[in-house]
Participant: 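Following this message is one structure expressed as structure tokens.
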Amino acid sequence: MAVEKSKIILHSIDRAKVCPNASPYVLKLETYLRMAEIPYTFDTSKPFGSKGKTPWITIDGQDIADSQLIIEFLNKKLKVDLWKNATAKEKAISQAMRIMLEDHFIHAIAEWRWITALDQIDQIMDMSGIAYWFIKKAVSRRVKTALTNQGILLHTPEERLGLLTGDLKAVSTFLGESSYFLGEEPTEIDCAIFGVMAQCVYCAPGSPYEKIVSEQFPNIKNYCERMKNKFYPDWDSLLKKSN
């Protein structure tokens with residue numbers, strides 16, 4: 001594929017039905033590109049990069065994988081700074097919060113989507129038909145193995161819910177009444193927070209986590225709506241349309 005100089009191609013899985021992407025890492029990176037006002041092309045022809053994961057980007061003929069490494073690469077290459085007036089302490093807290101969500105809480109969404117509610121996956125992604133039935137089963141098996149090895153599936157459903165509700169409470173408590181995570185202006189950390197929380201708010205219909213956010217932590221839901229309206233005015237047009 002020919003690449004226009006410094007024009008970014010964002011390689012990803014296909015759009016979802018209920019939010020622009022069912023991958024928190026793709027949504028994080030796409031939000032970053034929009035926040036930084038970096039032009040990009042969205043491509044689904046080869047969603048998995050050299051590390052076997054999505055997303056990855058092509059820029060100036062160079063391929064970069066991993067959402068966080070991509071952001072750090074673009075920050076340096078394009079001289080992007082989305083931290084505004086954040087202090088060193090706020091950046092440190094933001095990093096801890098990002099890791100908690102991306103390396104801990106997101107396992108709850110994966111478990112719900114690919115194991116507990118696998119028969120409902122077509123509400124979120126276009127996974128209908130015989131061919132996709134086999135893909136669903138294969139992905140479900142891989143997710144179950146990965147989450148067992150990670151340890152989250154060694155806990156009972158009640159224990160998992162308690163642990164992961166604690167993650168939501170931490171986000172809600174720190175967010176408080178602020179418009180964005182570090183105050184009244186969005187910063188880079190909001191890309192990651194939104195990427196994961198949007199999976200909970202929009203992409204896990206019927207899950208206990210969607211219910212907990214709605215009933216116990218409405219400021220998280222309001223935050224997601226705020227991010228959605230600010231950075232995705234084209235949200236509805238991006239959704240995967242049912243055949």
Side-chain angles (χ1 to χ4, degrees), residues 12-31 47-48 51-55 66-68 96-128 132-173 175 191-218 220-221 223-224 239-240:
S12 166
I13 58 173
D14 203 358
R15 297 293 188 186
K17 294 181 176 181
V18 287
C19 69
N21 210 281
S23 164
Y25 308 106
V26 174
L27 194 58
K28 162 190 172 180
L29 181 56
E30 187 165 18
T31 303
F48 301 103
K51 296 182 180 180
K53 296 183 177 182
T54 194
D66 185 276
S67 63
Q68 190 60 33
M97 189 68 70
R98 176 180 65 80
I99 292 170
M100 178 190 76
L101 293 178
E102 292 186 340
D103 293 348
H104 187 253
F105 179 79
I106 199 59
H107 297 312
I109 301 299
E111 186 279 330
W112 174 262
R113 184 178 294 169
W114 292 106
I115 301 174
T116 299
L118 182 62
D119 59 341
Q120 301 174 32
I121 192 71
D122 193 48
Q123 295 179 24
I124 302 168
M125 306 167 70
D126 189 4
M127 299 288 287
S128 59
Y132 280 118
W133 184 89
F134 289 102
I135 293 174
K136 284 191 293 186
K137 292 295 184 181
V139 172
S140 181
R141 285 194 298 270
R142 287 201 297 269
V143 169
K144 188 171 184 178
T145 298
L147 296 186
T148 299
N149 292 337
Q150 186 273 339
I152 195 71
L153 285 185
L154 301 180
H155 303 304
T156 67
E158 293 75 19
E159 289 170 337
R160 289 200 300 269
L161 188 60
L163 288 170
L164 298 162
T165 297
D167 293 350
L168 292 172
K169 184 177 181 180
V171 173
S172 177
T173 299
L175 180 62
C191 303
I193 300 290
F194 178 65
V196 176
M197 290 295 96
Q199 304 305 314
C200 186
V201 171
Y202 306 112
C203 293
S207 76
Y209 309 104
E210 178 195 43
K211 182 178 180 181
I212 288 168
V213 167
S214 295
E215 295 181 356
Q216 298 183 36
F217 308 121
I220 293 178
K221 186 171 184 178
Y223 164 80
C224 285
L239 302 187
K240 180 74 174 182

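Along the sequence shown, residues carry numbers from 1. This one's a predicted model, so the numbers in the text were calculated from it and none came from an experiment.
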Participant: So, taking the atom named NZ in Lys28 and the one named CD in Glu102, what distance separates them when rounded to the nearest 0.5 Å?
Facilitator: 3.5 Å
Participant: Please table the atom pairs, donor to acceptor, closer than 3.5 Å between any side-chain atom in residues 191-198 and protein atoms at least two apart or in another chain.
Facilitator:
none

Participant: Any salt bridge linking Lys136 with Asp119? Criterion: basic side-chain nitrogen under 4.0 Å from a carboxylate oxygen.
Facilitator: no
Participant: Using every non-hydrogen atom in the two residues, find where Met97 and Ala170 come nearest and quote the distance to one decimal.
Facilitator: CE-O, 3.9 Å
Participant: According to side chain to side chain contact (heavy atoms under 4.5 Å, CB included), who are the partners of Thr145, at least two apart in sequence or on a separate chain?
Facilitator: Asn149
Participant: Can Tyr202 and Ile124 be said to form a side-chain contact (heavy atoms from CB on, under 4.5 Å), step by step?
Facilitator: CA-CA 9 Å; Tyr202 306 112; Ile124 302 168; over 6 Å; no
Participant: In Å, rounded to the nearest 0.5 Å, how long is the span from CD1 of Ile212 to OG of Ser172?
Facilitator: 12.0 Å
Participant: For the OG atom of Ser23 and the CG atom of Asp14, what is their distance to the nearest 0.5 Å?
Facilitator: 12.5 Å
Participant: Test of understanding: with side-chain hydrogen bond (donor to acceptor under 3.5 Å, both in side chains), list the residues that count as partners of Arg160, not counting sequence neighbours.
Facilitator: none
Participant: Roughly how far apart are Leu164 CG and Trp112 CH2, rounded to 0.5 Å?
Facilitator: 13.5 Å
Participant: Does the side-chain contact (heavy atoms from CB on, under 4.5 Å) test come out yes or no for Ile152 and Glu111, once each step is laid out?
Facilitator: CA-CA 9 Å; Ile152 195 71; Glu111 186 279 330; 5.6 Å; no
Participant: Of all residues at least two apart in sequence or in a different chain, which pass the side chain to side chain contact (heavy atoms under 4.5 Å, CB included) check with Ser140?
Facilitator: Ile115, Leu118
Participant: Where do Arg142 and Trp114 land on the side-chain contact (heavy atoms from CB on, under 4.5 Å) test, with the steps shown first?
Facilitator: CA-CA 9 Å; Arg142 287 201 297 269; Trp114 292 106; over 6 Å; no
Participant: For Lys169, check side chain to side chain contact (heavy atoms under 4.5 Å, CB included) against everything at least two apart and list the hits.
Facilitator: Thr173, Phe217
Participant: Nearest 0.5 angstrom please: Leu168 CG to Leu163 CG, how far?
Facilitator: 12.0 Å
Participant: What pairs with Ala96 under side chain to side chain contact (heavy atoms under 4.5 Å, CB included), at least two apart in sequence or on another chain?
Facilitator: none
Participant: Who are the side-chain hydrogen bond (donor to acceptor under 3.5 Å, both in side chains) partners of Glu159, not counting sequence neighbours?
Facilitator: Thr156
Participant: Please tell me if the side chains of Pro218 and Val213 come closer than 4.5 Å, counting only heavy atoms from C-beta onward.
Facilitator: no
Participant: What heavy-atom pair brings Asp122 and Lys17 nearest, and what distance separates the two atoms?
Facilitator: O-NZ, 2.8 Å
Participant: For residues 209-218, pull every pair meeting salt bridge (Lys or Arg N to Asp or Glu O under 4.0 Å), keeping only residues two or more places apart or in separate chains.
Facilitator: none
Participant: For Tyr209, which residues count as a ring-ring contact (aromatic ring centres under 6.0 Å, His included) partner, sequence neighbours excluded?
Facilitator: Phe105
Participant: Please give me the minimum heavy-atom distance between Asp167 and His104, naming the atom from each residue.
Facilitator: OD2-ND1, 2.6 Å
Participant: How many angstroms lie between atom CE of Met125 and atom SG of Cys19, to the nearest 0.5 angstrom?
Facilitator: 9.5 Å
Participant: Indicate the atoms forming the closest heavy-atom contact of Gln216 with Thr165, along with that distance.
Facilitator: OE1-CG2, 4.4 Å
Participant: Residues two or more places apart in sequence or in another chain: which of them pass salt bridge (charged side-chain N to carboxylate O under 4.0 Å, His left out) with Arg15?
Facilitator: Glu30
Participant: side-chain contact (heavy atoms from CB on, under 4.5 Å), that's the test. Do Val201 and Tyr223 meet it? Break it down for me.
Facilitator: CA-CA 10 Å; Val201 171; Tyr223 164 80; over 6 Å; no
Participant: Could you tell me which residues satisfy side-chain hydrogen bond (donor to acceptor under 3.5 Å, both in side chains) with Thr54, sequence neighbours excluded, listed by chain and number?
Facilitator: none
Participant: Check whether Gln199 reaches the backbone of Asn21 with its side chain - one donor and one acceptor, N or O, closer than 3.5 Å.
Facilitator: yes
Participant: Looking only at non-hydrogen atoms, find the nearest pair between Ser12 and Pro47 and report the distance.
Facilitator: O-CB, 3.2 Å
Participant: Taking only residues two or more places apart in sequence or in another chain, which ones pass side-chain hydrogen bond (donor to acceptor under 3.5 Å, both in side chains) with Asp66?
Facilitator: none
